[in-house]
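If you're wondering where the values come from, they're calculated on a predicted model, not measured in any experiment. A note on names: the letters A, B, ... follow the listed sequences, proteins ahead of strands, and every chain is numbered from 1.
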Amino acid sequence: MDISVDVTTLPAERALLNANSGVDDGDALRIGGMQQAYPNLIQVPEKILDADFVAYAARPGIALPGGWPALKPYVVAYAVGYKIFDANVKEAVEITRTRSIDELFPLLALGRADVVLVDRWQGNWIARHDGYRPTLIEPPLAQVSMYIYLNRKHAALVPELARAMAAMKSDGTYRKLFEQHLVPYDLP
Amino acid sequence: MIDARSAGRLLLDRAILRNNGIARRIMLALVLVSSMVTAVITAMELYRDYQVDVHGIYERVDSLRSVYLPALSDAVWIADDTQVKLVLDGLRNLRDIEYLWIEVDGVVRWSSGARNAGRIKEQLIPLTHRYRGRDLVLGQLHVVASLDGVIDRLLSSLVVLLISNAVKTLIVTLVMLLLFQIMVGQHLEHIAGYLRGLRSDPGDVDGLRLRRSEHGLWRPDALDYVTRAVNQFQQEVQRSNAEIRELNRSLEQRVVSRTLELEAAQRTAEQANRAKSEFLSGMSHELRTPLNAILGFSDMLRFASEPLPPTPHEHAGHIQRAGMHLLKLIDGLLDLTSIESGAVQLLLEDIDPLEAVQQAIQGLPTQLGGIDADIGIESRLRPEIRMRGDRTRVRQVLINLLSNAVKYNRPGGTVQVTLEQVDERVHIGVRDSGLGMSVEQQNGLFQPFNRLGRERSTTPGLGIGLVITRDLVERMGGTMSVESQPGVGSTFHVELPVASAPVATAHLARAPLARAPLAGAHLEGAPVADSHPASPDSIGAGEGVATGGDAPRVRDDVVGRVLYIEDDEVNRLLMASILEWRPRVVFEMETDGARGLLAVRRAPPDLVLVDLLMPGLDGFQVLAALREQPETRAVPCIAVSANAMPQDISEALTAGFAAYVVKPVAMQLLLREIDRVLAADAA
């Protein structure tokens with residue numbers, strides 16, 4: 001495929017809204033089935049990667065052995081637009097929704113949140129980029145396959161894009177990009 | 001100045017509102033006007049408040065736009081439900097903002113508040129975000145503001161405004177009323193009270209003076225003008241009242257004098273009426289007396305056994321004299337009626353007064369009521385003096401006065417006649433030495449039918465002689481009066497105008513005694529009416545009236561045919577008897593006009609004697625019928641009638657009768673007229 005792509009970063013919900021309304025052409029790194037709430041989106045069936053939704057703490061010592069319910073005794077923060085957190089974080093001492101994921105680690109550093117929730121790769125990238133050293137609590141709270149969605153006006157591109165991604169995965173290009181761009185950001 | 005207490009007294013004690021219609025009207029007008037003004041001002045204020053409030057809503061929405069909109073747009077951009085909701089709730093807490101919602105792609109994503117059914121103002125604000133170099137419309141913010149709050153606030157302020165304005169109006173009204181009462185009302189009441197006092201007694205009231213200072217700002221004012229007018233009016237009223245009082249006084253005087261005149265007139269009328277009744281009674285007596293003689297002696301002749309008593313001529317003489325007396329009475333009455341109705345015509349000429357007196361004395365009957373009196377004459381007139389009068393009437397006047405003077409004298413008394421000139425008048429005084437008269441008697445002397453209490457006396461008379469006498473004198477331009485003293489005698493004064501040019505004496509040409517219409521020859525020497533004729537044959541017996549003189553002479557030289565039309569049989573017989581004195585005259589008679597006409601047409605006579613008043617055709621109609629036919633037109637007619645009034649005679653002569661003979665017929669006169677007409681006929 002010879003398609004140049006302009007990538008921009010938006011608040012999570014805004015990215016969906018813009019893609020759905022056609023302001024933008026599509027949205028990437030979304031869980032599956034988003035077309036049910038955003039009918040103008042068409043899911044590209046080939047997943048990009050499997051995302052880990054994890055919790056970071058300011059320091060080691062916090063464990064979440066039971067998954068989502070284990071968050072109950074903590075002050076939790078996550079960015080607006082993360083539907084998975086909206087759906088699963090039911091009980092906590094306090095829940096803070098930030099405008100963006102950039103605000104999560106400062107909250108954590110200031111001690112205004114016990115744990116912040118974000119997906120692994122963005123969390124790792126921001127922490128490293130902004131100079132924070134949070135503790136990533138393993139195991140992840142959830143692991144979900146992530147997909148690309150295109151606005152309905154680009155429906156014709158969907159199978160083509162899927163085939164291209166499948167080809168990239170089979171010829172090792174995909175793996176090579178993964179190791180080249182994401183692995184370095186993995187936290188120790 | 002006026003203190004609060006007196007102000008209250010003015011407002012309440014004087015009961016301005018109750019008694020003062022003007023104050024009521026002023027108050028009503030003030031309340032109405034100020035209420036209207038209040039309503040208008042309140043409406044304007046409320047409208048301004050409404051505009052301010054509505055403007056406030058817009059301002060708040062604008063501030064919302066500038067203050068809240070970036071945050072809201074940002075929250076919508078990141079789809080931060082919580083934040084959007086927070087902002088919307090915050091906006092809804094602003095005043096009058098009732099409901100907000102954000103619509104994205106036709107779907108309401110966020111809302112706050114609830115819409116209700118009241119009045120609203122709605123605004124639409126687009127939410128945008130700068131993205132990729134252009135403004136991206138994220139959705140529409142709908143803001144709904146309610147006007148209910150605005151209206152509630154306006155209603156509250158309306159109540160406050162109305163109450164405050166009402167209080168203001170009330171205060172202003174009361175103050176105005178008080179000012180009105182102080183400045184106008186009390187003065188008007190004072191003026192009214194003054195005018196009431198003026199009505200009861202305007203005479204002694206001083207001028208109106210208002211209870212306020214004489215000088216002041218903006219003076220004189222309307223009250224001063226009213227005061228001035230009232231004072232002028234009061235002066236007018238005083239003047240008018242004085243005039244009215246004066247008029248009333250004079251009116252009362254006039255009423256009194258008129259009342260007195262009326263009473264006098266009434267007394268006179270009553271007296272005249274009494275006198276008339278008494279006269280009728282007296283006349284009955286006077287008429288019955290000669291009738292007694294006539295009827296008595298007639299009966300003696302009628303019932304006398306054949307042959308006739310030795311004195312038939314003596315009886316007939318009594319009958320004739322009694323008839324004559326009756327005739328005089330009736331002539332006197334006619335005379336009085338004629339004079340009083342103005343029918344008497346006078347021929348004024350210059351008369352020698354002394355000669356007139358002497359002739360009157362000669363004309364007096366020889367014996368008057370059995371009294372004999374000497375009559376003396378004393379003349380102080382210059383011989384050439386003449387007086388102006390009707391010779392016959394002067395003689396009548398003098399005979400009446402002289403006969404009265406003799407008749408009412410004492411036995412052996414005297415009568416003195418004096419003649420003198422007083423200014424331009426000849427004065428004739430007739431003084432007797434009789435019983436005289438009281439003042440009351442003198443007052444009633446010249447009233448008709450008044451006989452000075454002698455109505456029941458044996459002195460005969462009718463009470464009209466002096467009345468006729470005075471009327472005659474006055475008609476000749478003279479005056480007549482009387483002075484008398486009971487027991488001493490009476491003097492009657494007659495004054496007649498002096499003739500302007502004295503004439504030579506001795507012209508005693510006998511003037512006609514009566515003028516046409518009294519042209520009937522028989523009226524010559526009409527008897528002088530006398531109040532108290534002494535005896536039937538004594539006074540003024542004119543020639544030819546009575547048959548008591550010489551017997552008629554039988555004439556054979558008079559010839560002709562005479563037709564007498566008369567309904568009364570006795571009169572026809574009398575006429576037949578009279579015409580026996582003309583043995584060569586053929587005498588025929590008819591009993592009514594129609595038969596008479598037939599007779600005339602059958603054989604026209606030389607003379608027709610006709611009664612005027614008959615059943616069927618009367619004398620006038622007979623004459624007219626005769627004059628219509630050529631063959632009878634020339635037949636002369638003599639009227640024979642009992643109608644003796646001058647106008648009757650005049651009417652008949654005008655109609656064409658050759659002569660007029662009054663019944664009772666004077667035999668010699670009648671014969672003479674017949675002779676004359678037949679002679680003229682023959683000629």
Side-chain angles (χ1 to χ4, degrees), chain A residues 4-27 30-31 34-41 75-87 89-90 92 94-104 107 113 117-118 122 149 151-153, chain B residues 63-94 99-113 122-144:
Chain A
S4 67
V5 177
D6 183 13
V7 178
T8 186
T9 306
L10 287 174
E13 181 70 17
R14 177 48 51 189
L16 274 172
L17 289 170
N18 280 6
N20 186 55
S21 64
V23 171
D24 294 331
D25 299 310
D27 191 13
R30 291 293 170 178
I31 61 174
M34 294 299 283
Q35 60 270 30
Q36 290 172 5
Y38 301 90
N40 293 330
L41 295 183
V75 175
V76 178
Y78 62 88
V80 170
Y82 280 77
K83 303 295 182 189
I84 190 168
F85 299 144
D86 289 339
V89 181
K90 302 295 184 188
E94 193 177 330
I95 298 170
T96 301
R97 292 179 180 86
T98 63
R99 293 165 50 85
S100 75
I101 54 176
D102 298 336
E103 295 166 12
L104 291 175
L107 282 179
L117 308 180
V118 71
Q122 288 197 89
Y149 289 80
N151 186 276
R152 188 178 289 279
K153 63 188 179 185
Chain B
S63 70
L64 176 151
R65 197 191 293 265
S66 60
V67 175
Y68 292 90
L69 212 55
L72 188 61
S73 293
D74 215 27
V76 171
W77 176 251
I78 65 171
D80 185 346
D81 291 342
T82 308
Q83 184 65 24
V84 171
K85 193 77 168 64
L86 275 172
V87 173
L88 289 183
D89 289 346
L91 288 173
R92 194 169 59 80
N93 286 331
L94 293 173
Y99 179 47
L100 302 105
W101 75 95
I102 295 173
E103 187 182 305
V104 179
D105 297 333
V107 177
V108 177
R109 278 291 300 273
W110 300 277
S111 68
S112 179
E122 187 172 339
Q123 264 205 315
L124 197 64
I125 304 171
L127 297 174
T128 59
H129 188 81
R130 193 81 184 164
Y131 180 65
R132 291 173 184 261
R134 62 188 181 99
D135 286 325
L136 185 64
V137 176
L138 304 177
Q140 307 287 346
L141 171 63
H142 293 261
V143 182
V144 172

Kindly determine whether B/Asp80 and A/Glu13 satisfy side chain to side chain contact (heavy atoms under 4.5 Å, CB included), including the steps that lead there.
-> CA-CA 8 Å; B/Asp80 185 346; A/Glu13 181 70 17; over 6 Å; no
Measure A/Asn20 against the heavy atoms of chain B and call it side chain, backbone, both or neither at under 4.5 Å.
->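 No part of A/Asn20 comes within 4.5 Å of chain B.
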Please look at A/Leu16 and chain B and tell me whether the side chain, the backbone, both or neither of the residue comes under 4.5 angstrom of a heavy atom of that chain.
->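 No part of it gets close to chain B.
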Where is the tightest heavy-atom contact between B/Leu69 and B/Pro126, given as atom of each residue plus distance?
->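 In terms of heavy atoms, the two residues are closest at CD2-O, 4.3 Å.
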B/Ile78 versus chain A, the contacting section by heavy-atom distance below 4.5 Å =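 Looking at B/Ile78, backbone and side chain both touch chain A.
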Side chain, backbone, both or neither: which part of B/Val76 has a non-hydrogen atom closer than 4.5 Å to chain A?
->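 Both parts, backbone and side chain.
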Can a donor-acceptor pair be found between the side chains of B/Arg92 and B/Tyr99 at a distance below 3.5 Å?
->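 Distance-only check fails for B/Arg92 and B/Tyr99.
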Could you walk me through whether A/Arg97 and B/Asp81 pass the salt bridge (charged side-chain N to carboxylate O under 4.0 Å, His left out) check?
-> CA-CA 10 Å; A/Arg97 292 179 180 86; B/Asp81 291 342; over 6 Å; no
Give the member of A/Val23, A/Thr8, A/Leu17 that has the highest number of heavy-atom pairs under 4.5 Å with chain B.
->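 Ranked by heavy-atom pairs under 4.5 Å with chain B, first place is A/Val23.
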Measure up the B/Tyr131 and B/Trp77 rings against each other and bin them: parallel (under 30°), tilted (30 to 60°), perpendicular (over 60°).
->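 The arrangement is tilted - the two ring planes meet at 30° to 60°.
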